Amino acid sequence: MSAAAPALLVLTLPDGATREVAPGTLARDVVATIGPRLLQAALAVSIDGAVQDLMTPVRSGGAFQVITEKDPRALAVLRHSGAHILATAVRRLRPDAKIGFGPAIDDGFYYDFEVTKPFTPEDLEAFEAEMRKVVAEKYPFVRAEVSQAEARQVFADDPLKLERLEDFEGSDEVISTYTDGPFTDLCRGPHVPDTSYLKHFKLLSTAGAYWRGDERRQMLQRIYATAFFRKEELEQHLHRMEEAKKRDHRVVGRQLDLFQFFPHAPGAAFWTPRGTQLWLTLEEFIRERQRERFLEIKTPLLYTKKLWEQSGHWGKYKENMFLVWDKEEAERGGSAEDSLSMSLKPMNCPSHHLYFHAHKHSYRELPKRYVTFDVLHRNEISGALSGLTRVRQFSQDDCHIYLREDQIASEVKFLMDFILGYYDTFGLTAKLKFATRPEQRIGSDELWDRAEGALRAALESTGRPYEMKEGDGAFYGPKIDFDVMDSIGRAWQLGTIQLDYNAPERFDLEYTGEDNAAHRPVVIHRAVSGSFERFLAILIEHFAGAFPVWLSPEQVRVLPISDEVLGYAQEVTARLRAAGIRASCDDRSDTLNYRIRDGELMKVPYMAVIGKREAEAGQVAVRVRGAGKKQEVVSVESFQARLLDEIRARALTPSSAGAEA
RNA sequence: GCCACAGUAGCUCAGGGGUAGAGCACUCGAUUCGUAAUCGAGCGGUCGUGGGUUCAAUUCCCACCUGUGGCUCCA
């Protein structure tokens with residue numbers, strides 16, 4: 001503020017009105033000129049798109065917006081303040097705790113601490129209680145701008161903060177601190193005006209987290225928490241977490257008897273008869289879709305080191321491979337290391353390249369699409385394993401396409417339609433991400449220009465919106481990723497289309513062109529499901545176990561009301577089975593209510609109840625899963641026909657129960 | 001791999017230094033039922049594994065295994 005008469009800054013309000021203020025005016029004073037009610041509701045402001053708190057001096061002009069609870073950006077501000085309040089409470093109860101980072105995240109916030117004794121669940125309760133005190137004490141968040149030297153003074157006892165301060169060396173970024181009562185943090189802000197704004201919050205869990213995400217650095221103790229403006233929102237959030245837990249594929253998988261794990265095979269699933277049926281149905285579906293334009297091949301699971309050296313896996317991926325001991329190599333006197341000269345395959349690409357290389361190919365036969373469903377093994381670190389979503393043994397619907405460069409655009413278009421159509425069948429919606437050349441890459445810039453151009457042109461030709469992920473491509477080529485959204489709004493990265501100019505070089509792949517000369521093909525890596533295991537886990541959670549009829553392991557359960565009609569019930573069951581429907585007859589001597597309940601719990605899409613009336617009329621009383629008592633009595637023929645239609649159409653929901661066609 | 005937590009009957013879970021209990025499931029008997037749990041009886045566990053402390057360990061301690069939540073990684 002050295003200038004004698006600084007120029008006024010012009011702030012433009014959303015309604016077009018303007019305010020002219022002297023630099024250094026507090027944001028809250030600007031808000032006050034708009035209205036007292038707005039000042040009451042204000043949590044922060046946005047100037048030219050940058051969120052700042054009310055006590056921040058205005059330093060530049062531009063679009064000026066007041067951020068209230070309604071603003072989507074407000075929650076992050078509240079949660080960030082929540083993180084400070086958490087740290088305030090932790091510091092009071094555990095003065096030895098060194099503070100790390102404490103940001104707002106998608107669903108809440110966390111704070112990392114370095115402590116000699118890790119936190120226990122009881123500690124969490126104590127911290128939460130202490131936070132409520134800090135909230136009640138209503139400390140204002142006081143911003144201060146300090147020099148590097150002053151900051152070093154303030155955080156002299158916090159080595160993690162001192163390390164953070166090093167990042168400011170030589171930069172002209174303003175160093176600011178925020179103080180709420182007894183606690184001061186190095187922080188850019190913004191914050192809500194005082195601690196009392198944090199009303200509805202909950203500490204959720206503790207976890208270890210490496211300092212700065214680096215596994216070579218020390219492990220800090222992270223506390224996860226969440227916060228909302230309204231009590232109902234917090235309750236809803238916690239309820240959603242509960243609901244998500246209920247549809248957790250590990251829980252549903254046990255309830256519906258789909259798969260299980262044994263300690264004897266960590267990271268490898270056992271599929272039960274019902275689960276195996278589910279798997280086979282999915283696989284059959286994929287096979288059917290791929291029958292026409294893809295070539296399925298089955299290849300070895302175990303290969304010699306030579307292949308992995310050629311593919312580059314031996315050098316870059318060996319840690320993750322299950323190496324296999326070669327007896328003869330050992331007997332030749334090789335070292336223990338040398339005797340491990342084979343490996344279970346962790347990926348299919350080398351198999352496909354090997355096969356493509358083994359034959360002469362004409363330009364006329366491209367694109368050539370090889371698909372393989374073989375079992376893959378990756379030796380994941382134990383801590384990474386989790387249900388079906390992260391396993392050591394899995395299968396992919398893995399495809400490698402060998403094509404001419406001029407075919408890239410049309411091929412990518414074809415693959416995109418293929419993949420999106422696949423997700424549609426399950427009611428999954430996909431978001432597309434286009435990832436471009438990364439820093440670490442191979443190939444000339446001209447090649448990348450061509451590859452990215454072709455991929456992008458194909459992407460745009462579909463007219464679908466997509467997001468850019470600059471620099472996130474594979475080292476060998478750009479890619480399109482498919483982020484799939486499930487029924488409760490979670491995103492999963494599943495499908496991918498990747499251009500690869502590296503593999504053809506490594507494997508010396510060739511085709512004979514029109515000119516009778518050898519040419520290099522391009523390779524496209526394509527996955528749709530990711531892995532069967534993970535995809536089935538997603539489907540289980542997406543449908544909460546209530547699969548559409550075509551996928552259901554058990555499609556119809558026939559329930560005879562009494563033994564008198566058992567014969568007819570068995571006849572109906574046999575007839576449905578003969579028509580290719582997965583039907584069973586529940587002839588247990590339990591009550592009808594009991595058996596209906598069991599059928600509902602097992603999420604069987606249709607129950608066909610049969611009493612004397614139905615037996616006499618050649619009908620069934622159709623009960624649709626989840627529809628309660630609403631039922632329709634129809635002839636066996638029309639029930640069967642309708643089922644077959646629904647299965648053939650791979651309908652997501654049943655059409656009205658057994659309506660006569 | 002790292003940090004924390006957990007492991008008791010097939011499942012969900014209670015208990016706790018003196019070798020265990022419920023509900024459901026399962027088996028048997030009775031019941032033959034009209035749309036989400038019929039009644040009764042019975043079977044079932046060396047309390048994850050191995051060591052240690054103790055007169056005594058499922059319980060306390062240590063190690064390991066497996067799982068869960070994270071970190072890292074990732075289909």
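Bear in mind the structure is a predicted one, so any value in this text is a computation, not a measurement. Protein chains get the first letters and strands the later ones, always in sequence-line order, with residue 1 at the start of each.
In this model, the phosphate group of A25(B) is approached by a side-chain N or O of Tyr594(A) to a distance below 4.0 Å at OP1 or OP2. Dashed line: the shortest gap from a side-chain N or O of Arg595(A) to OP1 or OP2 of A36(B) is not under 4.0 Å. The phosphate of C33(B) has neither OP1 nor OP2 within less than 4.0 Å of any side-chain N or O from Ser562(A). For C73(B), the OP1/OP2 oxygens have no side-chain nitrogen or oxygen of Tyr210(A) closer than 4.0 Å. Between Arg222(A) and A4(B) there is no side-chain polar atom (N or O) within less than 4.0 angstrom of OP1 or OP2. Here Thr591(A) reaches the OP1 or OP2 of U38(B): one of its side-chain N or O atoms lies under 4.0 Å away. Ser386(A) has a side-chain polar atom (N or O) that falls below the 4.0 Å cut-off from OP1 or OP2 of G69(B).
You'll find a donor-acceptor pair under 3.5 Å spanning the side chain of Glu614(A) and the base of G34(B), going by distance alone. For Gln631(A) and U35(B), a side-chain-to-base donor-acceptor distance below 3.5 Å is present, hydrogens and geometry of angles not being considered.
Within the nucleic acid shown, Arg613(A) comes within 4.0 Å of at least one base atom, counting heavy atoms only. In this structure, Glu380(A) reaches the bases: a heavy-atom distance under 4.0 Å links it to at least one base atom across the strands shown. Looking at heavy-atom distances under 4.0 Å, Gly599(A) makes no contact with the nucleic acid at all. Heavy atoms of Ala527(A) sit nowhere under 4.0 angstrom from any nucleic acid atom. Leu376(A) comes within 4.0 angstrom of nothing in the nucleic acid, heavy atoms only. Among the protein residues, Gln255(A) comes within range of no part of the nucleic acid, since none of its heavy atoms lies under 4.0 Å from any strand. Among the protein residues, Ala207(A) comes within range of the nucleic acid bases, having at least one heavy atom under 4.0 Å from a base atom. Across all strands, Gly530(A) comes closer than 4.0 Å only to sugar-phosphate atoms, never to a base (heavy-atom distances). Among the atoms of the strands shown, only primed sugar atoms or phosphate atoms (P, OP1, OP2) are found under 4.0 Å from some heavy atom of Arg254(A). At a threshold of 4.0 angstrom between heavy atoms, the contacts of Asp398(A) with the nucleic acid are absent. Heavy atoms of Asn593(A) sit under 4.0 angstrom from primed sugar atoms or phosphate atoms, though from no base atom.
Applying a 4.0 Å cut-off to non-hydrogen atoms, the residues of residues 257-278 of chain A that approach RNA chain B are Pro263(A), Pro266(A), Gly267(A), listed by residue number. A heavy-atom distance below 4.0 Å to RNA chain B is reached by these residues of residues 113-129 of chain A, ordered by number: Pro118(A).
The partner of A63(B) is U49(B), by the rule that a Watson-Crick or G-U pair needs both atom distances under 3.5 Å. Pairing for A14(B) is absent, with no Watson-Crick or G-U wobble pair whose two atom distances lie under 3.5 Å. Across the strands present, G42(B) finds its partner in C26(B); the criterion is a Watson-Crick or G-U wobble pair with both atom distances under 3.5 angstrom. Taking a pair to require two hydrogen-bonding distances under 3.5 Å in either a Watson-Crick or a G-U wobble arrangement, G34(B) remains unpaired.
Between the CH2 atom in Trp211(A) and the CD atom in Gln218(A) there is a gap of 7.5 Å [rounded to 0.5 Å]. Rounded to the nearest 0.5 angstrom, Tyr422(A) OH and Ile419(A) CD1 are separated by 10.5 Å.
In terms of position along RNA chain B, the nucleotide closest to Ser205(A) lies nearer the 5' end than the nucleotide closest to the other residue of the pair Thr389(A) and Ser205(A). For Gly628(A) and Arg534(A), each mapped to the nucleotide of RNA chain B holding its nearest heavy atom, the one lying further toward the 5' end belongs to Gly628(A).
In this structure, Arg217(A) does not pair ionically with Asp112(A), as no charged nitrogen and carboxylate oxygen lie closer than 4.0 Å. Ion pair Arg247(A)/Glu243(A) not flagged as a salt bridge, since none of the NZ, NE, NH1 or NH2 atoms sits closer than 4.0 Å to an Asp/Glu carboxylate oxygen.
You'll find that the side chain of Ser589(A) is closest to U32(B), out of U32(B), A75(B), U35(B).
For the pair Leu601(A) CG and C11(B) C1', the interatomic distance rounds to 13 Å; values are reported in whole Å.
In this pair, Phe394(A) lays its aromatic ring flat on the base of A75(B), centres within 5.5 Å and planes under 30 degrees apart.
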